[in-house]
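Note that the coordinates shown come from a computational prediction; the quantities given were computed from them, not determined experimentally.
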Amino acid sequence: MVVFLIIPVLIIGLLWRIFGKSTKKDIAKKHVVIIGGSSGIGKSLAILAARKNAHVTIIARNIDKLSEAITDIKKNALNLKEQTISYVSVDVSNFEDTENNLCEIEETVGPIYMLVNCAGFAVCGELEKFSVNDIKSLINVNLLGSIYPIKAIIPKFKQRREGIILLTGSQVSLFGLYGYSVYSSCKFAIRGLAESIYMELKPYNITVTLALPPDTDTPGYEKENQTKPEETVRLSEMGDLFQPEDVAQKMLEDALAGKFFSHIGLSSFLMTTLCKGMAPFTSSFQVIFESILIGLLRLIGAFYISRFHKIVQFCHNKKENGKLKQKVC
Ligand SMILES: *[C@@H]1O[C@H](CO)[C@@H](O)[C@H](O)[C@H]1NC(C)=O
Ligand SMILES: *[C@@H]1O[C@H](CO)[C@@H](O)[C@H](O)[C@H]1NC(C)=O
């Protein structure tokens, strides 16, 4: 009799231990810095942080966009009288400039508790068509612009034995796609960065979260869309377009829960799970679940990859036929 009671209790207790651990960190009255906070996902995240009573500093290059965004963020502040909502114009691909400015805002606003990096932009196209300048500026903004602010903030986080770092990768951090050679290189690199610093910073009570958002309806996406070759447009059409508010909400929740990956939507969940490999994990229960799922996901992934290649081949044939017709005429 007793055994029948004990077993369910043990199971529930075990589940409770596993699920009950997800205590969320709180950013109220803490200083949150958002790089790339003047538009898109970064701006949505700044608004959410302001609603949670955090002190918010947004960083970007363009002062007009920054001051415009600040007005919106202030409107959403929970308690504007006691919150500091400000902006700084910084080029985060310049290390000295970044380090000095982060020091300065710590002095004026207070110690940084959470560093969010949403700065980035995409240019699509076949690799041979890129100008060397475009390649360099993609790497500067997307990759160095992620490494430098983190390098500058780590000594402070380590000293204080606390801190949250939220990095923005992409679904193309997980797999390459036609037209994304340079952008995807940067985003793969950001995954390597996130996994490495996760290991370096864990003993210091600093958490690292890597967000892998799918296509999101932002001003940046609109610009990116204009550079897409036909192949890339057709491939993108296979996925959904998400709203920046929803993506930002999910990213913030996952970062405050201390999760390593943050993704939104079913197909991003499937792709992220499939590609987890040697990535860090925060729940043993989840690892068991994933290890059962991954074999099956490889099959589903293969189905998608075959479709991707068919689309590319279709466009290729179309172009070749076009050339033939031109020659005939
Ligand atoms: C870890 O950081 C959290 C805040 O992020 C803090 O509440 C907690 O006390 C810290 N733990 C240790 C052991 O320093
Ligand atoms: C992206 O561009 C394609 C055409 O190149 C267009 O059909 C589509 O509506 C655009 N999507 C967005 C979200 O701007």
Side-chain angles (χ1 to χ4, degrees), residues 34-43 45 58-62 65-66 89-99 101 115-152 165-197 210-236 239 241-242 244 247 251 262 268 271 275 308 312:
I34 299 162
I35 296 160
S38 66
S39 73
I41 298 172
K43 184 179 161 190
L45 236 148
I58 56 169
I59 292 177
R61 273 181 296 187
N62 186 315
K65 276 196 200 161
L66 280 165
S89 166
V90 184
D91 173 9
V92 286
S93 63
N94 175 323
F95 181 69
E96 280 75 30
D97 202 18
T98 306
E99 193 179 36
N101 276 287
L115 181 74
V116 182
N117 200 324
C118 294
F121 74 101
V123 174
C124 300
E126 290 85 1
L127 182 58
E128 72 277 16
K129 291 184 186 155
F130 272 85
S131 72
V132 170
N133 276 339
D134 274 351
I135 295 175
K136 283 184 182 164
S137 65
L138 276 162
I139 293 174
N140 283 342
V141 176
N142 291 304
L143 183 54
L144 297 182
S146 297
I147 295 178
Y148 288 163
I150 293 174
K151 174 177 159 54
I165 294 171
L166 172 55
L167 277 160
T168 312
S170 157
Q171 284 293 299
V172 295
S173 294
L174 302 172
F175 51 89
L177 267 187
Y178 192 107
Y180 280 106
S181 53
V182 183
Y183 184 69
S184 179
S185 305
C186 298
K187 293 297 187 180
F188 261 71
I190 285 177
R191 178 176 178 180
L193 169 70
E195 291 190 7
S196 304
I197 59 171
L210 172 66
L212 301 171
D215 284 345
T216 308
D217 190 8
T218 61
Y221 180 73
E222 223 171 274
K223 268 194 201 159
E224 167 191 335
N225 196 31
Q226 287 161 11
T227 67
K228 283 178 184 169
E230 186 189 350
E231 287 86 345
T232 315
V233 171
R234 287 175 183 264
L235 292 173
S236 302
L241 190 63
F242 283 79
V247 175
M251 282 169 63
S262 176
S268 295
M271 292 304 159
C275 300
F308 292 167
V312 171

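Residues S146 and I190 come closest through the heavy atom pair OG-CD1, 3.5 Å. Of all non-hydrogen atoms in S39 and P219, the two that sit nearest each other are CB-CG, 4.4 Å. Residue T98 comes nearest to V92 through the heavy atom pair OG1-CA, 3.3 Å, listed as atom of the first residue, atom of the second, then distance.
With hydrogens and angles ignored, the 3.5 Å screen pairs a side-chain donor or acceptor of S89 with a backbone N or O of R61. Formation of a donor-acceptor pair under 3.5 Å by the T227 side chain with backbone atoms of C124 is found in this model. In this structure, T216 contributes its side chain and T218 its backbone to no donor-acceptor pair below 3.5 Å. Side-chain N or O atoms of T168 include none that pairs as donor or acceptor with a backbone N or O of A211 at under 3.5 Å. A distance-only check finds no donor-acceptor pair linking the side chain of S93 to the backbone of G145 [under 3.5 Å]. The backbone N or O of R191 lies less than 3.5 Å from no partner atom in the side chain of S173, so there is not a single donor-acceptor pair.
The side-chain heavy atoms of L115 and P149, taken from C-beta on, include a pair separated by under 4.5 Å. Between E231 and F308 there is no side-chain heavy-atom pair separated by less than 4.5 Å. Taking 4.5 Å as the limit, every side-chain heavy atom of P244 sits out of range of all side-chain heavy atoms of K43. Between L66 and I58, some side-chain heavy-atom pair lies under the 4.5 Å cut-off. By the 4.5 Å heavy-atom criterion applied to side chains, S268 and F242 are not counted as neighbours.
A cation-pi arrangement is present between K151 and F95 under the rule of less than 6.0 angstrom and at most 45 degrees off the ring axis.
Applying the ring-ring contact (aromatic ring centres under 6.0 Å, His included) test to F175 and every residue at least two apart in sequence or in another chain returns nothing. Among residues two or more places apart in sequence or in another chain, the side-chain hydrogen bond (donor to acceptor under 3.5 Å, both in side chains) test is passed with D97 by N101.
Taken to the nearest 0.5 Å, the CG atom of L210 stands 9.0 Å off from the CE atom of M251. How far CD1 of I59 is from CD1 of I35: 5.0 Å, rounded to the nearest 0.5 Å. A distance of 9.0 Å separates OH of Y148 from CG of L143, quoted to the nearest 0.5 Å. The line from CG of L138 to CD1 of I135 is 8.5 Å long, rounded to the nearest 0.5 Å. To the nearest 0.5 Å, atom CG of residue L166 and atom CD1 of residue I34 are 9.0 Å apart. The distance from atom CG of L167 to atom OG of S262, rounded to the nearest 0.5 Å, is 11.5 Å.
The side chain to side chain donor-acceptor pair (under 3.5 Å) analysis of residues 133-142, with sequence neighbours excluded, yields no pairs.
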*asked:* Applying side chain to side chain contact (heavy atoms under 4.5 Å, CB included) to Y183 and V123, what does each step give before you reach the verdict?
replied: CA-CA 7 Å; Y183 184 69; V123 174; over 6 Å; no
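Side-chain contact, K228 with S236: a donor N or O sits under 3.5 Å from an acceptor N or O.
Of the options I150, N117, L193, a side chain to side chain contact (heavy atoms under 4.5 Å, CB included) to I165 is made by I150 and by none of the others. Each of K187, E224, Q171 was evaluated against Y180; a single residue qualifies, E224, per the side chain to side chain donor-acceptor pair (under 3.5 Å) test.
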